[in-house]
Amino acid sequence: MKRHFLNFAALAILFTFAACSDKDNDMPIPDSQAADMVVYGKIYTADNTESMAEALAVKDGKFVCVGTKADVAKYIKEGETQVVDYTGKGLIIPGCTEGHGHFVGIDGVARMMPGYKEPYSKLVGSIISDKMKTNPGPFLSFGWSNLDVQKVSTNNYAMEIEAVSDGNPVVLMDEGGHNALCNRTALKKAGLINDQGEIIKQVRGGDVVAIQNSDGTASNIASGYVTDEVVFWVLEHAMDKLLSDEEYMDACKLGVAELNKRGFTSYLDALINSFDDGKAYKYLNELDENNELTVNVAGYYAIRSYYWGKPEGGSIPETVTKHINYVSELNNLYTKGHVQANGIKLFADGVTEAGTGWISGEYKTSGLAEDKKHGNIIWKQEELNSIVAAANTKGLSVQTHAFGDKACESVIDAYISSPTANQLKARNSLTHVRNISDADIARCAKNNIGIAANLIWHFGGNEMYLNYYLNLMPDNIYWSGYPMKSLLAAGVPVSSSTDAPAGEDIPGTVVNIIGVSVTGQAPVQLDVPPFNTKELLTVSEAIKALAIGGASSLGIEKDHGSIEVGKYADFVMLDQDLFELEKQNKQQDIFKTNVESTWFEGRKVYSAE
C-alpha cells in the first residue's frame with residue numbers, strides 16, 4: 001500500500017494529538033491503572049496522522065496514553081509514577097530500527113580482537129606480532145582502508161603478514177567487509193594456494209588476487225588480497241575458534257549496547273554465518289532469557305554462492321538445502337521473545353564503490369577482464385529464483401545485498417517469481433540499492449518488496465573517496481545513486497540502514513542517518529556540495545523510514561515503530577528539535593544533535609549522562 005508523507009509545513013499545521021486508551025478522557029482511572037512513567041516534551045509520534053504530542057504515559061512497558069499534559073494527568077499517582085520532564089530540551093522520537101547492520105556475529109568477534117579499524121601499516125608493523133607474543137592463535141581484524149592498499153599490486157601482502165604471524169592464520173578484513181588481506185597460512189589452510197604460494201583454487205563469487213608482475217601481467221602467486229565470497233570461504237575453512245564462549249557473549253553485549261547508544265531499539269543483523277555455528281542466535285537468546293537484551297533482533301543467516309558449487313542451474317543442491325533447513329529449525333525454535341531467526345541473507349553482487357557492483361554500464365577502470373567490466377555477478381538467475389522460493393516456502397524472508405541496478409533487477413525478478421512471498425511475516429527486501437531503475441522501483445512498490453536504504457555508505461571519511469568513486473563509476477551511475485525520495489514517492493516500503501560497522505567513517509547513529517538523508521552531506525564533508533539533491537528527504541520522512549519503516553521491515557510494526565497507545569514504549573530523546581532546525585533552514589546542525597537517552601519497552605537502556 002502506498003505511503004503518504006506530509007511535508008513540514010503540513011506537519012506544523014496539523015499539530016494534532018493522539019488519543020489515550022480511555023474513551024472518556026475525563027473519567028478517573030483506578031490506582032491499579034496508574035502509569036509507571038509519564039514523559040513531557042515535544043513528541044513526534046510517526047503514526048499515520050503525522051501527529052505531535054506533548055506527553056505520554058507508560059504502563060507495563062507499553063504506551064497507555066499519548067496526547068496533551070491534561071490527557072495524561074489522570075495516569076499520575078503521587079509517589080508511584082515517575083515523571084520525566086523533557087519540555088524544551090529537544091525532541092522525542094520513536095525507537096528506531098537499524099535495517100541492515102553487523103553488530104554481532106563476525107563483526108562482534110572482530111571488535112573483540114586487537115587491531116580493530118587500524119590501518120594495514122600498524123597491523124603488520126606491531127599489532128599482529130604483539131598479539132602473537134601474548135596470545136598466539138588465529139587473528140582477525142576489521143577496518144583497513146582501500147585508499148591505503150592497492151588490489152592490483154606488485155606487493156606480496158601474504159608474505160608480509162606471514163612474517164609477523166608466527167605460523168597462525170591471519171585475516172584482515174577491509175572497512176567495507178568485502179575484501180581481506182590474508183597470510184599464506186590462512187590461504188593454504190583454506191585450500192587456495194600450495195606451498196609455493198601459487199593459486200590452485202578460485203572460489204565462486206569472488207577472487208583470489210595474484211601479484212602483478214613488473215611488466216603489468218598477472219603472475220600465479222597469490223598476493224594475499226581476496227574479494228567478496230572468498231573472504232568468507234577463508235573464514236570458514238582456515239580460522240579456528242577465535243573467541244571463548246564467554247568472549248563471544250561479551251561481543252554480543254557490546255553490540256547491543258552500541259545499538260542502544262546510537263538510538264536503536266530494533267535491529268536486523270545481516271550476516272550471521274555458518275562458520276561460527278550461528279552462535280549469535282544462541283547468545284542473543286540467552287541475553288533475552290536473562291532480561292538483558294534491549295533490542296528486538298532479526299538475525300539473517302548468510303547463504304554463500306560457493307555452497308551451491310559450480311553454476312549449473314536451478315536445482316538446489318543438498319548443501320544449500322541443509323542451510324535453509326537449519327534456519328527454518330531456528331525460526332520454529334525462537335517464536336517468543338525479542339529474537340527472530342526468520343531470514344536468510346544473499347549477495348547478488350559486490351560493491352559499486354569498489355567497482356564490483358553489477359551495473360548496466362561499464363566501470364572506468366582500465367584493464368578489466370570482459371566478465372568484470374560490469375561488476376561481479378554472483379548468482380545465475382535460475383539459482384537465485386530457486387533459493388528465494390525454497391526459503392519463502394519455509395516461512396523465511398530473504399534480504400539480498402544488491403548495489404548495482406542490474407543486481408537489483410535480478411533480485412526483484414527472483415522475489416516476484418516466489419509463489420509464497422506474500423505469506424511472509426517480514427517481506428523480502430533488498431539492501432544497499434545504490435542504483436535502481438524507475439521500472440524496478442515501480443515493481444518493488446507493486447509487489448511489496450522492501451528496501452533497506454543505505455545512503456550513508458556513499459560518504460567516506462574525506463573528499464578523496466568521492467573523487468575515487470567519480471573516477472571509477474560511469475557518470476550516470478554515480479550521480480543517480482540512492483534515490484530515497486523516488487522510492488518513498490512510489491510507495492516502496494523503505495527502511496534505513498548503515499551496514500555498520502562496515503564502511504563506517506561516519507558513525508551510523510540515528511542522528512547521522514537523518515542528517516545524511518536530509519542534507520545529502522556528511523558531518524565531515526559539509527563543504528562538499530550536497531549529493532543528488534532531488535532525492536533528499538524531509539525530517540519527518542527520514543524519521544519514519546527509521547521508525548515505522550524499520551519496524552515494518554522486521555514484521556513487528558503492530559507493536560513497535562511509532563508512539564501510539566498499545567504499542568511498546570520504545571523512544572529516543574534527542575537534545576535538539578530537528579523540526580525546528582528544518583524550519584530555520586539549519587539542516588546541517590542536525591549533525592550536532594546527540595542521543596540523550598534511549599528507552600526500550602519503558603526502560604532507559606542508554607543515557608548520555
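- In this structure the side chain of Lys544 reaches within 4.5 angstrom of the side chain of Tyr44, judged on heavy atoms.
- Counting heavy atoms from C-beta on, the side chains of Glu236 and Arg304 come closer than 4.5 Å.
- Listed by first then second residue, pairs satisfying salt bridge (charged side-chain N to carboxylate O under 4.0 Å, His left out) with a partner in residues 400-425 read Lys406-Glu409, Asp413-Arg443, not counting sequence neighbours.
- In this structure, the side chain to side chain contact (heavy atoms under 4.5 Å, CB included) partners of Ile377, at least two apart in sequence or on a different chain, are Trp358.
- Residues Ile324 and Ala390 share a closest heavy-atom pair of CD1-CB, 4.0 Å.
- Smallest separation of non-hydrogen atoms from Ala302 and Tyr307: O-CE1, 3.9 Å.
- Listed by first and then second residue, the salt bridge (charged side-chain N to carboxylate O under 4.0 Å, His left out) pairs that reach into residues 595-608 come to none, sequence neighbours excluded.
- Of the charged side-chain nitrogens involved, none lies within less than 4.0 Å of a carboxylate oxygen, so that Lys131 and Glu118 do not count as a salt-bridged pair.
- With sequence neighbours excluded, the residues forming a side-chain hydrogen bond (donor to acceptor under 3.5 Å, both in side chains) with Asp228 are His178, Asn376, listed by chain and number.
- Applying the side-chain hydrogen bond (donor to acceptor under 3.5 Å, both in side chains) test to pairs two or more places apart or on separate chains, those with a residue in residues 249-258 are Glu258-Arg262.
- Residues Glu383 and Lys380 are not paired through a salt bridge, judged by the lack of any N-O separation under 4.0 Å between the basic side chain and the carboxylate.
- Residues satisfying the side chain to side chain contact (heavy atoms under 4.5 Å, CB included) test with Ala341, not counting sequence neighbours, are Tyr281, Leu330, Tyr334.
- Partners of Phe403 by ring pair (Phe, Tyr, Trp, His ring centres under 6.0 Å), not counting sequence neighbours, listed by chain and number: His401, His432, Trp457.
- Listed by chain and residue number, Asp36, Val64 satisfy the side chain to side chain contact (heavy atoms under 4.5 Å, CB included) test with Lys59 (two or more places apart in sequence, or in another chain).
- Within the structure, salt bridge (charged side-chain N to carboxylate O under 4.0 Å, His left out) contacts touching residues 328-352 (residues at least two apart or in different chains) do not occur.
- A donor-acceptor contact closer than 3.5 angstrom links the side chains of Thr400 and Tyr415.
- Listed by first and then second residue, the salt bridge (charged side-chain N to carboxylate O under 4.0 Å, His left out) pairs that reach into residues 393-404 come to none, sequence neighbours excluded.
- Checked against the 6.0 Å centroid threshold, His102 and Phe142 do not count as a close aromatic pair.
- Under the salt bridge (charged side-chain N to carboxylate O under 4.0 Å, His left out) criterion, Lys62 pairs with no residue at all, not counting sequence neighbours.
- Ser417 places a side-chain N or O within 3.5 Å of a backbone atom of Ala414 that can act as its donor or acceptor partner.
- Taking the six-membered ring for Trp, Phe264 and Phe103 have ring centres at least 6.0 Å apart.
- Between Trp308 and Trp379, the ring planes are perpendicular. Angles over 60° get that label, and only those under 30° would be called parallel.
- Remark: Glu557 engages Ile548, Ala551, Ser552 in a side chain to side chain contact (heavy atoms under 4.5 Å, CB included) (not counting sequence neighbours).
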